[in-house]
Structures are given as C-alpha cells and as structure tokens.
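Below is one structure, written out as structure tokens; the observations come after it.
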Amino acid sequence: GTVLQKKGLRWINWKKAHKHGYLRYFGTWLSGIILSYFLSAIPLSMASKVLPPHVVTAMSGWGIVVIIFLSFFFLKERVYPSDIVYSIVIVGCTLAIGLLTKPAYVLHINRPMLNILFVVPFGLLVPLVFKAMKPKVKAALLACFSGCMGGIAIVFFNIMVRDYFSKGFAGIPKDILALYLLSAVAGAIAEQGSYKIGTMTVVASIRLGLFIIYPVICSALLFQSRVDEIQVLCIALIILSCYKIFKKR
C-alpha cells in the first residue's frame, strides 16, 4: 500500500500539467490508500482487542525492510549495503521491544496527558516555515510528524476498540473518536507530503520508526506498562538506524 501511494502520487503533477493518463496513477494511489488505511483496520482491530498499542505498532518494524526492497524493485530507488545492516538492526530491535513488553490490560486514561501527547508532535511542523530548508529535511520532518500522528492514532483506536468490545458503539467516547480522526487525517496528509518530496526509503524508515517509538512513550505514560532499559536501548538503536539510512541519501 505504501509503495502504491508513492508510485501513484504523480497523478497530482500530471493533472496539473493536463496530461492524459493521470487517472491510471490516481487509481494506483487510491489502491494504496485503501490497502494502507482501510483494509489494514480489520486485523488492527483484532489485535487491539487484546494487545496494548505499542506492541501492535512494534510489529510493523519489519515493514521498513519490506519497503526498502520494494522501493528498489518498483520505484528504482538505490539501496545501499548499509541499508540491509540497519534494516536488520531495526527488525531485531522491533522484535525485542515487542517480546519484552508485558501485557497491559488496564488503561488509565489521563485526559490532560492524552491531549498533550496529541499536541506535542505539531511542534515538528514549526521549522517548515523556513524556506531555505532542504527538501529531504522537510520530507524527514513531515515523516516524523506522520509517524507520531499515526502512532497516537493507534492509541486512540486501541481505546475505542476496547470500549466497543466491552460496551458497544455507545461506549466509545466522542472526544477520543474526534482525536482519532484528527490524528489519522493529519498523519495521512503529512505522509503524502513526505512521499511527494522525499525518497521512499528515507520517509518510510523515519515514519515507521516514530510509528513504533511514539506509542511506547504513550504507553509508558498512560498504561500500566513499564518500559525497561533494554527497550530504551532498542528505541535508541532504531532512531540511530533511521538516521543512518537518512544520512546516506
């Protein structure tokens, strides 16, 4: 889905240039949106019924490796030997975060803290007002924001799923639903912007890295879930690996 979004985004430029065939790219882009956001919601809701959000998102780390190689085959982006090494590190750290996490079935919803966690990522957009910034840096900032928004959207989604299975649709808090929609839409818009100006390998590695890390921070503050020293080390290694992939471009 992610690769299809990147491949199909050219429909925007083609339409602006009044080129024929832009509908084909639009269809490719739309297929990527459906795969990434709608069809994925089915297994996501099944997982969220029993797992805390940071475990659900941690399992997406392998997607960085998949996207790097799909980008090579379908988007003709260059893959460096170091990308393979850092990808292995990311996957290993991702698995460690997931395996070392103990189940957290009790959710303490500290609403003020939840609102703060929603607002904080918007600070990443402030540097975008500087016009002298390089495109790849702008893409990286948008990817960071998108990753954080996607991560906290999973937190909101997790809360709603648990409330749905325990109380039905009537039990889903309206404010949580609103925050979920806002975070999901904001993250999706930033994701499309980062794909448009950045390479897939850079954008995907940064976005998925934050998509994994931010829910861990949220869970440490909102759940009865302890983040131990090894998990902190794994988070640091994921950040370092994403930076190394970014720096190579």
Side-chain angles (χ1 to χ4, degrees), residues 2 36-37 40-41 44 47-48 51-64 67 89-91 93-98 100-101 104 107-128 139-162 176 179-191 193-194 202-228 230-243 245-246:
T2 300
S36 297
Y37 295 107
S40 64
L44 181 62
S48 297
L51 293 174
H54 60 288
V55 176
V56 175
T57 56
M59 295 302 101
S60 66
W62 70 275
I64 296 175
I67 287 172
V89 172
I90 290 169
V91 171
C93 290
T94 297
L95 290 174
I97 291 172
L100 291 172
T101 300
L107 178 64
H108 295 280
I109 305 178
N110 182 334
R111 294 303 173 90
M113 179 57 67
L114 203 59
N115 294 334
I116 291 172
L117 291 169
F118 170 74
V119 171
V120 165
F122 283 90
L124 293 167
L125 301 179
V126 174
L128 294 178
L141 285 172
L142 286 170
C144 288
F145 175 77
S146 176
C148 289
M149 284 287 102
I152 199 165
I154 297 300
V155 174
F156 296 136
F157 186 80
N158 193 278
I159 295 170
M160 292 192 299
V161 167
R162 290 167 184 263
I176 297 297
L179 287 172
Y180 166 71
L181 292 174
L182 286 171
S183 57
V185 171
I189 292 173
E191 183 181 11
S194 62
V202 169
V203 170
S205 60
I206 293 174
R207 182 186 175 277
L208 286 176
L210 268 296
F211 184 70
I212 294 165
I213 293 165
Y214 203 59
V216 174
I217 297 172
C218 294
S219 287
L221 297 172
L222 301 172
F223 285 74
Q224 285 184 345
S225 178
R226 179 176 173 269
V227 181
D228 62 29
I230 297 178
Q231 288 177 310
V232 173
L233 176 61
C234 289
I235 290 172
L237 287 174
I238 290 174
I239 294 173
L240 178 62
S241 298
C242 290
Y243 172 73
I245 292 173
F246 167 76

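As the structure is a prediction and not an experimental result, all values here were calculated from the model.
When side chains are defined from C-beta on, L142 does not count as touching V203, because their heavy atoms never get closer than 4.5 Å. Side-chain contact between F156 and L114: present, with at least one pair of heavy atoms (C-beta onward) separated by less than 4.5 Å.
Annotation for M149 and S183: closest pair CB-O, 3.5 Å, computed over non-hydrogen atoms. Across all non-hydrogen atoms, the minimal contact from L124 to C148 is CD1-SG, 4.3 Å.
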Just list the side-chain donor-acceptor pairs under 3.5 Å for residues 233-240, sequence neighbours left out, or say none.
none

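Classified by interplanar angle (parallel below 30°, tilted 30° to 60°, perpendicular above 60°), the ring pair F145/F122 is perpendicular.
Taking a 6.0 Å sphere around CG of L181, one finds it holds more than 12 heavy atoms contributed by other residues, nucleotides or ligands.
Partners of L117 under the side chain to side chain contact (heavy atoms under 4.5 Å, CB included) rule, at least two apart in sequence or in another chain, are M113, I152, Y214, C218, L221, L222.
For the atom pair CD1 of I154 and CD1 of I212, the computed distance is 12.0 Å after rounding to the nearest 0.5 Å. Interatomic distance, CG of L141 versus CD1 of I206, reported as 8.5 Å (0.5 Å rounding).
Under the 3.5 Å distance criterion, the side-chain polar atoms of S146 are matched with a main-chain donor or acceptor of G187.
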